[in-house]
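Structure, as structure tokens:
Atoms within a ligand are numbered from 1 in the order they appear, just like the ligands themselves. The basis for the numbers below is simple: all heavy atoms, side chains too, and nothing from hydrogens, waters or symmetry mates.
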Amino acid sequence: MYEELAIFVLAIWFGLPAWIANATPVLGGGGPTIDGGRFYRDGRRIFGDGKTIRGLIVGMFFGTLTGLFQTLSVPFLYPVLEEYVVVTPAMEAVFYMTMPIAFLMSVGALTGDLIGSFIKRRMCVKSGDPSPMLDQLGFIILALIFVAPLIQPNPIFTSVLILTTLAIHWMSNALGYVMGLKKHPW
Ligand code: CTP
Ligand code: MG
């Protein structure tokens, strides 16, 4: 029981810099767009107004900062983890967050988000309109790919992280719908 819980928590712990990098641009976005207002050959914007240079910097900064806080808290949290489970090398690998790991995950998340927007524009989805899979999977998959040169977590952690990322988006959308903030539950 504790074992499963530890795997779940550690998967989220590992994904935290990517999540923060993906969630914070909305707080500090604005200013010049990444595509500079340019259009692709299909006549639509390359990325759109929702992708700004400031948003990239904000996401990279807070994602990496998250990693710094995680790195600093490992010595304090390790004994807590050890109290409940036998800490395996696979668990240690995802637990020992470093700033380079957090940085690569942040850049990967933001790149994945950009690729998602690029595909959305090609599919004629307007900036800001949802695209259920692209919005959630792009950033987390690219974060995992970018960080792969430094760490390849045991697949159990990556699967839990990907599934949790999808579940959280769906839950927050459903909640927004129930609360009357959103028109659709997706
Ligand atoms: N944002 C930003 N720069 C980024 C990513 C996001 O400035 N690189 C800001 C924008 O204000 C954006 C908001 O965060 O509107 C929400 O981000 P996101 O949902 O990724 O963008 P959307 O507006 O939904 O655009 P898209 O359809 O291209 O995903
Ligand atoms: Mg969006």
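- Regarding atom 21 (O) of ligand 1, its nearest protein heavy-atom neighbour is Lys51 NZ, 3.3 Å.
- For the residue pair Leu56 and Leu110, the shortest heavy atom distance occurs at O-CD1, 3.4 Å.
- Considering both main-chain and side-chain atoms, Lys120 comes within under 3.5 Å of ligand 1 through a nitrogen or oxygen pair.
- Atom 14 (O) of ligand 1 has its closest protein heavy atom at Val26 CA, 3.2 Å.
- Residue-ligand proximity: Ser127 is placed with a non-hydrogen atom under 4.0 Å from ligand 1.
- For the ligand labelled ligand 1, residue Asp113 lies inside the 4.0 Å heavy-atom shell.
- At the top of the distance list for atom 3 (N) of ligand 1, counting protein heavy atoms only, stands Thr52 N, 3.0 Å.
- Near Arg121, with a cut-off below 4.0 Å to any heavy atom, the atoms of ligand 1 are 26 (P), 27 (O), 28 (O).
- Checked against the 6.0 Å centroid criterion, the rings of Phe95 and Phe14 do not qualify as a close aromatic pair.
- Of all the listed residues (Ala109, Ser117, Gly55), Ser117 holds the heavy atom that lies closest to atom 28 (O) of ligand 1.
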Taking only distance into account, with no hydrogens and no angle test, what donor-acceptor pairs under 3.5 Å do side-chain atoms of residues 134-156 form with protein atoms, sequence neighbours excluded?
{"unit_1": "Asp135", "atom_1": "OD1", "unit_2": "Lys120", "atom_2": "NZ", "d": "3.0"}
{"unit_1": "Asp135", "atom_1": "OD2", "unit_2": "Ser131", "atom_2": "N", "d": "2.9"}
{"unit_1": "Gln136", "atom_1": "NE2", "unit_2": "Pro132", "atom_2": "O", "d": "2.4"}
{"unit_1": "Gln152", "atom_1": "NE2", "unit_2": "Ala148", "atom_2": "O", "d": "3.2"}
{"unit_1": "Asn154", "atom_1": "OD1", "unit_2": "Ile156", "atom_2": "N", "d": "3.0"}

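- With contacts defined as side-chain heavy-atom distances shorter than 4.5 Å, the pair Pro32/Arg54 does not qualify.
- In this structure, Leu77 CG and Glu82 CD are separated by 12.0 Å, a value rounded to the nearest 0.5 Å.
- The N/O atoms of Gly128, backbone and side chain alike, include one that comes under 3.5 Å of an N/O atom in ligand 1.
- Distance screen at 4.0 Å: atom 7 (O) of ligand 1 has a protein heavy-atom neighbour inside the cut-off.
- The CZ atom of Arg44 sits 12.0 Å away from the OG atom of Ser127 when rounded to the nearest 0.5 Å.
- Any N or O atom pair closer than 3.5 Å counts here, and Ile34 shares no such pair with ligand 1.
- Tested against Asp35 for a salt bridge (charged side-chain N to carboxylate O under 4.0 Å, His left out), the candidates Arg121, Arg45, Lys51 yield a single pass: Arg45.
- Regarding atom 10 (C) of ligand 1, its nearest protein heavy-atom neighbour is Gly50 O, 3.2 Å.
- In this structure, Arg54 does not count as a contact residue of ligand 1, since none of its heavy atoms falls inside 4.0 Å of the ligand.
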Trp13/Gln70 under side chain to side chain contact (heavy atoms under 4.5 Å, CB included): CA gap, chis, key distance, verdict
CA-CA 8 Å; Trp13 170 266; Gln70 287 177 286; 3.4 Å; yes

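- Annotation: Tyr78, atom OH; neighbour count of heavy atoms from other residues, nucleotides and ligands within 6.0 Å is above 12.
- Here is the list of ligand 1 atoms found below 4.0 Å of a heavy atom in Pro25: 1 (N), 2 (C), 4 (C), 5 (C), 6 (C), 9 (C), 14 (O).
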